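We name chains A, B, ... by the order of the sequence lines, and we start the count at 1 in each one. On a predicted model such as this, the values are computed, not experimentally measured, just so you know.
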Amino acid sequence: MKPSIPKGTRDFSPTEVANRNHIINTIKETFETFGFQPIETPSFENSETLMGKYGEEGDRLIFKILNSGDFLSKADDVTINKKDSLKLTSQISEKALRYDLTVPFARYVVQHQNEITFPFKRYQIQPVWRADRPQKGRFREFYQCDADVVGSDSLWQEVEFIQLYDNVFTKLGLAGTTIKINNRKILSGIAEVIGAQDKLIDFTVALDKLDKIGHEKVESEMLVKGISEEAIQKVQPLFSFDGSNIDKLTSLEAMLATSEEGTKGVEELRFVINSITDLGMQSANLEVDVTLARGLNYYTGAIFEVAAPKGVKMGSIGGGGRYDDLTGLFGVKNPLSGVGISFGLDRIYLVLEELGLFKKVDLPKPKVLFINFGEAEALYAMQAITALRKENIKSELYPEAAKMKKQMGYANKREIEFVVMAGSSEMTNKSYTLKNMISGEQKSVNLTELMSIL
RNA sequence: GUGGUUGUAGCUCAGCUGGUUAGAGCGCUGGAUUGUGGUUCCAGAGGUCGCCGGUUCGAACCCGGUCUUUCACCCCA
């Protein structure tokens with residue numbers, strides 16, 4: 001049998017782990033600078049916690065865990081014979097792998113509401129799983145790095161999250177990212193204005209293709225989807241939507257004047273944009289994008305998505321938004337408003353790699369390697385190593401009395417700075433021959449000198 | 001889930017319209033140098049051509065299935 005790993009999963013080499021840790025540490029550090037505290041939740045949840053929270057597509061992509069034991073005996077024969085997978089799933093599986101970090105967090109908040117001080121700011125960096133078809137930058141196991149605030153309606157949170165994104169990407173040296181922002185209330189307002197709440201998705205999907213297929217084709221697609229000519233006329237400004245954020249807000253305001261909800265959305269967006277304009281950004285761009293329609297299953301206010309710098313072909317490297325009702329789904333009487341963002345660790349990794357932004361990492365390695373010449377010599381070396389390790393000097397003995405060339409080659413390949421050779425003559429002198437592998441020079445020293453040099 | 005694409009040595013890749021023992025570079029192992037690495041030279045090992053089946057006198061090459069990679073749709077980090 002050839003060893004292999006499941007589709008869409010990966011092994012990570014020491015270098016990759018080091019680079020991933022660099023990203024994680026940067027994000028973690030920034031989360032804490034902004035006042036977030038870490039939590040963790042189980043990698044699998046009860047199915048009912050997850051199912052139905054991400055829409056039909058989401059349910060399909062959730063990995064279900066088979067019940068333990070003789071699970072089939074509890075399923076009903078009719079369902080099995082009908083080959084009704086959907087119904088059968090609920091009979092043979094009651095647990096599922098975490099699909100994202102937001103829903104488990106909402107569950108956490110509701111479950112621990114009496115222990116939590118609100119507003120609660122938490123961050124969470126853990127893997128999630130999706131039964132998706134893998135592509136570049138799309139895996140079936142990947143890490144999300146989430147920060148959320150629950151229990152505050154304040155739009156300052158949205159402002160801070162934009163700053164947080166900007167901070168992290170700046171620290172990572174990833175300049176030129178674009179933070180796209182939209183507001184669910186604006187989308188609802190548009191639907192209201194065109195008189196078709198149920199066609200909102202069709203409308204945004206079509207509008208999103210504007211720069212790909214052009215104005216006319218977008219309009220004809222909308223007509224095909226059953227959106228009326230009059231409706232399309234009303235939102236005409238959306239088709240030439242390429243001015244500044246302020247320009248966009250101005251035309252949205254006019255377009256949505258008759259919609260109370262739409263107007264509210266424009267106001268919210270305007271507050272965020274104005275605040276950021278005053279506060280300034282370091283390296284990211286902020287862009288109003290009305291076609292942004294992610295996470296419509298639970299976002300109710302702001303919607304965020306982060307695009308990699310232009311020229312890098314990669315899906316979004318972050319996303320988030322505000323959700324007013326999520327805790328309500330778990331039976332809280334007065335639902336708490338939440339807002340949060342997520343960083344896609346694996347995609348950020350690929351982008352940094354493509355742009356050559358990783359510094360050469362120093363893998364964990366000893367500062368000194370002791371050459372092994374045999375039993376007695378190894379013991380002599382181990383005495384020095386024991387002393388060195390007490391001083392936290394990373395040192396190791398080559399485990400076998402292999403040929404010199406091999407031992408030296410090992411030191412060279414691992415880029416170990418010093419090598420110590422101690423054979424019978426050194427043992428009688430109580431000395432060590434210390435060689436600097438970079439300069440090539442070597443000298444005879446005693447244990448005290450050895451420790452002070454290293 | 002739908003439709004394309006990819007798969008040859010540990011790695012990166014050659015391999016002509018199907019034709020005898022499938023090649024290169026790097027890496028690996030050994031030697032030149034039996035207590036001295038990185039450079040050089042010499043030698044060597046390593047591949048059921050992703051897997052299964054079919055067509056053919058003959059398949060790495062053609063056909064079908066499957067797995068994997070990747071792309072578009074869908075959705076998304």
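- Of the residues in residues 95-107 of chain A, none has a non-hydrogen atom less than 4.0 angstrom from any atom of RNA chain B.
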Protein heavy-atom contacts under 4.0 Å, written 5' to 3' over nucleotides 33-38 of chain B as B (base), S (sugar-phosphate only) or - (none), form the string --BBBB
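- Shown here are the salt bridge (charged side-chain N to carboxylate O under 4.0 Å, His left out) partners of A:Glu48, two or more places apart in sequence or in another chain: there are none.
- Contacts of A:Gly374 with the nucleic acid, taken as non-hydrogen atoms under 4.0 Å apart, are absent.
- Scanning for salt bridge (charged side-chain N to carboxylate O under 4.0 Å, His left out) contacts around A:Arg184 gives an empty result, with sequence neighbours left out.
- Every residue two or more places apart in sequence or in another chain that forms a side-chain contact (heavy atoms from CB on, under 4.5 Å) with A:Ala381 is listed here: A:Phe370, A:Leu397.
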Would you tabulate the side-chain donor-acceptor contacts of residues 299-310 of chain A under 3.5 Å, counting partners in other chains and residues two or more places apart, or write 'none'?
| residue | atom | partner | partner atom | Å |
| --- | --- | --- | --- | --- |
| A:Thr300 | OG1 | A:Arg322 | O | 3.4 |
| A:Thr300 | OG1 | A:Asp324 | N | 3.0 |
| A:Thr300 | OG1 | A:Asp324 | OD2 | 3.1 |
| A:Glu305 | OE1 | A:Arg294 | NH1 | 2.1 |

For nucleotides 3-8 of chain B, print each protein N/O atom paired with a nucleotide N/O atom at under 3.5 Å, atom names and distance only.
none

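- When the salt bridge (charged side-chain N to carboxylate O under 4.0 Å, His left out) test is applied to A:Asp325, no partner is found at least two apart in sequence or on another chain.
- With sequence neighbours left out, the salt bridge (charged side-chain N to carboxylate O under 4.0 Å, His left out) criterion links A:Glu417 to no other residue.
- Partners of A:Arg20 according to the side-chain hydrogen bond (donor to acceptor under 3.5 Å, both in side chains) rule, which considers only residues two or more places apart in sequence or in another chain, are A:Asp346.
- If you check residues 36-63 of chain A against RNA chain B, the residues with a heavy atom closer than 4.0 Å are A:Glu57, A:Arg60, listed by number.
- Under the ring-ring contact (aromatic ring centres under 6.0 Å, His included) criterion, A:Tyr298 pairs with no residue at all, not counting sequence neighbours.
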